Amino acid sequence: MQPDLLDPVHSAHALQQLRTLSPLVHCMTNDVVQTFTANVLLSLGASPAMVIDREEAQQFSAIADALLINVGTLTRERAEAMHAAIESANRAQTPWTLDPVAVGALAFRSGFCQQLLSLRPAAIRGNASEILALAGMPGGGRGVDTTDSALAALPAAQQLAQQTGAVVAVTGEIDYITDGVQTLSISGGDPLMTRVVGTGCALSAVVAACCALPGERRLNIASACRIMKQAGSRAVKQSAGPGSFVPAFLDALAANGKGE
């Protein structure tokens, strides 16, 4: 069965909601991408916060609108803080998103993310190799990079969605967003987006923000993917390479939907 295409009306509405509601997103993300992630969320109208101490994270996740768990620079101390934040978020019915960075390549983070699957993530966002590994299926990967296509990982994404109740986004040249029954595909973007640190991690933060919006979660998450790909396509036209791409990308996110 061919995935459905997202109606642009949905992504425009999600963007309007982001700017109107300005969800507070608790980002427990990796050290490499914190500034870029915060700037992406701010450009879209969301409100980022990076709180990582165990006691503070547990307290803050209960008052945030959404929680992001990104295991890119995982430590045992941070794993404990993330687990506490998730349990607090679940008690407060705060939706949380898992970004299983490099799962399958490293044992500690792979085991940790497997444990988190039982804690009811609202969304899971990863590349093909990460989603395959998280679902226990064979796949390739080199560190944080994937050697599999997103389409090849779609059955794994559908299995994960059915297993966990999460909406799963497997992203790549084409993004696929599934609840285990219905699937949407999002095309666009540009290969230059993979030459800049943090675009995938920032996408996971936008996915987390969109989980806090009213309406159908699958459509909101697909809208997050479309918004980011659209901004990437526009930014490439204004940039000469990775260095000039980043400010152009943030400008494109901020301008998205304004005067178009």
Side-chain angles (χ1 to χ4, degrees), residues 1-18 21 23 25 44 65-69 89-90 93-100 103 113-114 116-137 139 146 148-189 200 203-233 256-257:
M1 181 182 296
Q2 287 289 341
D4 296 325
L5 299 176
L6 179 69
D7 188 332
V9 170
H10 291 301
S11 57
H13 180 66
L15 182 60
Q16 181 186 30
Q17 292 280 74
L18 278 174
L21 300 176
V25 186
L44 290 170
D65 297 306
L67 169 66
L68 169 65
I69 299 294
N90 282 344
Q93 297 185 313
T94 300
W96 68 276
T97 294
L98 174 63
D99 186 339
V103 159
C113 287
Q114 287 293 336
L116 295 186
L117 293 182
S118 65
L119 298 180
R120 306 188 307 278
I124 301 169
R125 200 294 309 172
N127 66 34
S129 296
E130 291 161 351
I131 296 300
L132 284 163
L134 201 59
M137 297 182 181
T146 183
D148 300 288
S149 73
L151 183 59
L154 180 54
Q158 292 168 327
Q159 176 182 305
L160 270 177
Q162 292 169 356
Q163 172 190 344
T164 64
V167 174
V168 179
V170 52
T171 57
E173 195 170 322
I174 297 176
D175 298 345
Y176 297 95
I177 300 89
T178 184
D179 59 8
V181 178
Q182 296 177 295
T183 300
L184 291 162
S185 66
I186 309 293
S187 58
L203 170 58
S204 294
V206 179
V207 165
C210 285
C211 284
L213 302 180
E216 185 180 340
R217 184 162 288 160
R218 181 178 60 100
L219 295 178
N220 288 340
I221 291 171
S223 295
C225 294
R226 189 171 189 271
I227 289 165
M228 292 287 278
K229 280 189 176 293
Q230 281 186 324
S233 297
N256 201 342

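In this text the structure is predicted, and so the values were computed from the model without any measurement.
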Item checked: I174/L151 under side-chain contact (heavy atoms from CB on, under 4.5 Å): CA gap, chis, key distance, verdict -> CA-CA 8 Å; I174 297 176; L151 183 59; over 6 Å; no
Check: Out of curiosity, D4 CG to T178 OG1, how far, rounded to the nearest 0.5 Å?
Finding: 10.5 Å
Next item on the list: Would you name the heavy atoms of I131 and A153 that are closest together and state the gap between them?
Entry: CG2-O, 4.1 Å
Note to self: On a heavy-atom basis, which atom in A208 and which in L68 lie closest, and how many Å separate them?
What the structure shows: CB-CB, 4.2 Å
Next item on the list: Would you please say whether a donor-acceptor pair under 3.5 Å links the side chains of S11 and S223?
Entry: no
Checklist line | Heavy-atom closest contact (A133 atom, Q114 atom, distance) | finding: O-NE2, 3.8 Å
Next item on the list: Go through the steps for L132 and V170 under the test side-chain contact (heavy atoms from CB on, under 4.5 Å), then give the verdict.
Entry: CA-CA 9 Å; L132 284 163; V170 52; over 6 Å; no
Checklist line | Point-to-point distance, once rounded to the nearest 0.5 Å, from OG1 of T171 to OH of Y176 | finding: 12.0 Å
Item checked: Nearest non-hydrogen partners of A122 and P95, listed with the distance -> CB-CB, 3.7 Å
Checklist line | Nearest heavy-atom neighbours spanning C225 and A169 | finding: SG-CB, 4.5 Å
Notebook entry, point to check: Heavy-atom distance under 4.5 Å between the side chains of C211 and R217, does that happen here?
Noted result: yes
Checklist line | Criterion side-chain contact (heavy atoms from CB on, under 4.5 Å) on E173 and S149, from CA distance to verdict | finding: CA-CA 8 Å; E173 195 170 322; S149 73; over 6 Å; no
Notebook entry, point to check: Donor-acceptor pair, R125 side chain versus G200 backbone, under 3.5 Å?
Noted result: yes
Note to self: Side chains of L6 and I177, heavy atoms from C-beta outward: is any pair under 4.5 Å?
What the structure shows: no
Notebook entry, point to check: Between T97 and L67, is any pair of side-chain heavy atoms under 4.5 Å apart?
Noted result: no
Notebook entry, point to check: Are any of the side-chain heavy atoms of L134 and L160 separated by less than 4.5 Å?
Noted result: yes
Item checked: Shortest non-hydrogen contact from D175 toward G172 -> OD1-N, 3.0 Å
Notebook entry, point to check: Taking I227 as the fixed residue, which of L44, V206, L203 is the one that meets the side chain to side chain contact (heavy atoms under 4.5 Å, CB included) rule?
Noted result: L44
Check: Between CG of D65 and CG of L213, what distance do you get to the nearest 0.5 Å?
Finding: 9.5 Å
Checklist line | Separation between CD1 of I69 and CG of L119, rounded to the nearest 0.5 Å | finding: 10.0 Å
Check: With no hydrogens and no angle check, is any side-chain donor or acceptor of W96 less than 3.5 Å from a backbone partner on R120?
Finding: yes
Check: Just how far is it from atom CD of E130 to atom CG of D99, taken to the nearest 0.5 Å?
Finding: 6.0 Å
Item checked: Close side-chain approach of L18 to C210, heavy-atom, < 4.5 Å -> yes
Item checked: Test log, rule side-chain contact (heavy atoms from CB on, under 4.5 Å), inputs V167 and V207 -> CA-CA 10 Å; V167 174; V207 165; over 6 Å; no
Margin query: I'd like to check the salt bridge (charged side-chain N to carboxylate O under 4.0 Å, His left out) partners of R226; sequence neighbours left out, ordered by chain and number.
Written below: none
Checklist line | Side-chain (D7) to main-chain (H10) donor-acceptor, under 3.5 angstrom | finding: no
Checklist line | Spacing of CG belonging to L184 relative to CZ belonging to R218, to within rounding of 0.5 Å | finding: 4.5 Å
Margin query: Using a 3.5 Å distance criterion without hydrogens, assess whether the side chain of S233 forms a donor-acceptor pair with backbone atoms of G189.
Written below: yes
Check: What pairs of residues pass the salt bridge (Lys or Arg N to Asp or Glu O under 4.0 Å) test when at least one of them lies in residues 153-167, not counting sequence neighbours?
Finding: none
Check: Has the side chain of N220 got a donor or acceptor atom that lies under 3.5 Å from a matching backbone atom of A14?
Finding: no
